[in-house]
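A quick write-up on the structure given underneath.
Just so you know, ligand 1 is whichever comes first in the structure, and atom 1 is the first atom listed for that ligand.
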Amino acid sequence: MITIEKCIIHRFKMPLKHPFTNSSTTITEKDIIITELIDREGRSGFGESVAFDAPWYTEETTDTVAVMIENHLWPLIRHRTFSHPADIPFHTVHRNHMAKTAIEGAVWDLYAKQQQQPLYKIIGGQTNTIPVGAAIGLQPSDGLLLTKMEQAIREGYQRIKLKIKPGHDLTLLEKVRSHFPDVQIMVDANSAYTLHDIDHLKKFDDYNLMMIEQPLAHNDFVDHARLQEQLQTPICLDESIHTMADVQTAIQLKSCQIISMKLGKVGGFTNAMRIHDYCQQHDIPVWCGGMFEAGVGRAQSLALATLPNFQYPADPGASARYWRQDIITPEVKVENGCVTLPDQPGIGYQVQLPKSDQKVLT
Ligand SMILES: O=C(O)CCC(=O)c1ccccc1C(=O)O
Ligand SMILES: [Mg+2]
């Protein structure tokens, strides 16, 4: 049994080590919200909102997350007792998945700590070693891109994900492939194309890509199905997937062959585990995408990625790829292309937060 006594919302900014550019925006710093839930025994559980300060990835922002937690989610768990994290009654609130995840993840952390088990074991993970890949944003020059790829490969990352957009795709892949004929490469378009580009997109098949992530609009299952029909390269849906119903639609319509899973996108572990199992039953592999998480979100994403149907290297890699100083100790390290999660209770890391705006809800 867990009785939730108090919630502290910690909010602070973390500058990214290097700006990251995708087809729609450049990110230089992240507005981080960490939720700390305190139970009757005085234990703390931590969750993270992975939202950005602007709604370019999904409709949520850090401001909407803060309001949703304070006005709508906290009242549903305040001073309540739960025997399991799956019992928290968030189904009465539509969507707002990143806000829900910030709370839900903290309840799972508390639950695992109470059970004195690592979170990854509590959710059914079978290994604490997770293969990871590196994502590289759009670069000012192809030379710089090749240098960054070389670095990431030298650091052991098992595959490279390249951001692309119209005008920065085929010639870039041509160069990349001639330098790295055998490296596992995938691309992510963040919805930069439309079905009018179908003849252009078919040429991607020449580059032996593991997958092409979210080529078309975030809400377009039908066009993705038309494209997948004509494409050998597997399509992976990212921005399109928020619910089990989205996954069922994508599988029914054959809109993709792979699904990118992110805790924040689907509203937390309980939904993520259901979607994971459903995909496994339908022979659709999933993998763990990244959201420039600080340590809490990073540890939780990686815990999720220990489930057996996570079949490709994960995006969240070493803390030091993103941050000068992460908020957990030890920081996340990559060795031999893998992260190994500590066998400690809950998320398994100590949380050390910088000075921040704090809102205490009681
Ligand atoms: O470096 C990473 O962890 C992946 C970066 C990334 O691709 C990404 C980062 C933030 C939001 C959305 C996405 C995405 O997968 O589209
Ligand atoms: Mg993506």
Problem - NZ/NE/NH1/NH2 to OD/OE distance under 4.0 Å, Asp63 and Arg11 - result: yes
Exercise for the section: Tell me which part of Asn22 gets within contact of ligand 1: side chain, backbone, both or neither, using heavy atoms under 4.0 Å. Expected result: neither
Fill in the blank from the handout: For Asp238, the ligand 1 atoms with a heavy-atom partner under 4.0 Å come out as 14 (C), 15 (O), 16 (O)
Problem - Test log, rule ring-ring contact (aromatic ring centres under 6.0 Å, His included), inputs Tyr57 and His218 - result: CA-CA 9 Å; Tyr57 175 74; His218 68 94; 10.0 Å; no
Handout entry: Lys165 and Asp169 ion-paired at < 4.0 Å
Key = no
Practice task
Check whether any N or O atom of Trp56, backbone or side chain, sits under 3.5 Å from an N or O atom of ligand 1, and answer yes or no.
Solution key: no
Handout entry: Closest Glu213 atom to the Mg ion (ligand 2) [N, O or S only]
Key = OE2
Practice task
Could you tell me the residue and atom name of the protein heavy atom closest to atom 10 (C) of ligand 1, and the distance to it rounded to 0.1 Å?
Solution key: Phe52 CZ, 3.4 Å
Exercise for the section: Determine whether any heavy atom of Gln214 lies closer than 4.0 Å to an atom of ligand 1. Expected result: no
Fill in the blank from the handout: Checking heavy atoms under 4.0 Å, the part of Ile27 that sits near ligand 1 is neither
Handout entry: Any Val360 side-chain heavy atom under 4.5 Å of Lys6 side chain
Key = yes
Exercise for the section: Considering only non-hydrogen protein atoms, determine which one is nearest to atom 16 (O) of ligand 1 and report residue, atom name and distance to 0.1 Å. Expected result: Asn190 ND2, 2.7 Å
Problem - atom 13 (C) of ligand 1: nearest protein contact (heavy atom, Å) - result: Lys262 NZ, 3.4 Å
Exercise for the section: May I ask you to check whether Tyr57 has an N/O atom sitting below 3.5 Å from an N/O atom of ligand 1? Expected result: no
Handout entry: Transitive ILVMFWY side-chain link Met186 to Phe204, under 4.5 Å
Key = no
Problem - Name of whichever N/O/S atom of Asp188 is nearest to the Mg ion (ligand 2) - result: OD2
Practice task
Inspect the contact between Lys121 and Asp343 and indicate whether a charged nitrogen and a carboxylate oxygen are less than 4.0 angstrom apart.
Solution key: yes
Exercise for the section: Decide, yes or no, whether a salt bridge links Asp238 with Lys265 under the criterion of side-chain N to carboxylate O below 4.0 Å. Expected result: yes
Practice task
If you have a sec, work out which protein heavy atom is nearest atom 2 (C) of ligand 1 and how many Å separate them, to one decimal?
Solution key: Tyr322 OH, 3.3 Å
Practice task
Specify the protein heavy atom at minimum distance from atom 4 (C) of ligand 1: its residue, its atom name, and the distance to 0.1 Å.
Solution key: Asp315 OD2, 3.3 Å
Exercise for the section: Using a 4.0 Å heavy-atom threshold (strictly under), name the region of Arg321 that reaches ligand 1: side chain, backbone, both or neither. Expected result: neither
Exercise for the section: Tell me whether the guanidinium CZ or amine NZ of Arg321 lies under 6.0 angstrom from the six-membered ring centre of Phe292 and within 45° of its axis. Expected result: no
Practice task
Give the contacting part of Glu213 toward ligand 1: side chain, backbone, both or neither, where contact means a heavy-atom distance below 4.0 Å.
Solution key: side chain
Practice task
Give a yes/no verdict on whether any heavy atom in Lys163 is under 4.0 Å from an atom of ligand 1.
Solution key: yes
Practice task
Please state whether Glu293 comes within less than 4.0 angstrom of ligand 1, counting heavy atoms only.
Solution key: no
Practice task
May I ask you to check if any N/O/S atom from Asp238 comes under 2.8 Å of the Mg ion (ligand 2)?
Solution key: yes
Completion exercise
For Phe180 and Ile185, the nearest pair of non-hydrogen atoms, with its separation, is O-CD1, 4.4 Å
Handout entry: Derivation and outcome, side-chain contact (heavy atoms from CB on, under 4.5 Å), residues His10 and Ile33
Key = CA-CA 6 Å; His10 305 266; Ile33 292 178; over 6 Å; no
Practice task
Considering only NZ, NE, NH1 and NH2 on the basic side and carboxylate oxygens on the acidic side, decide whether Lys203 and Asp206 come within less than 4.0 Å.
Solution key: no
Completion exercise
Of all protein heavy atoms, the one nearest atom 8 (C) of ligand 1 is Gly290 O, 3.4 Å
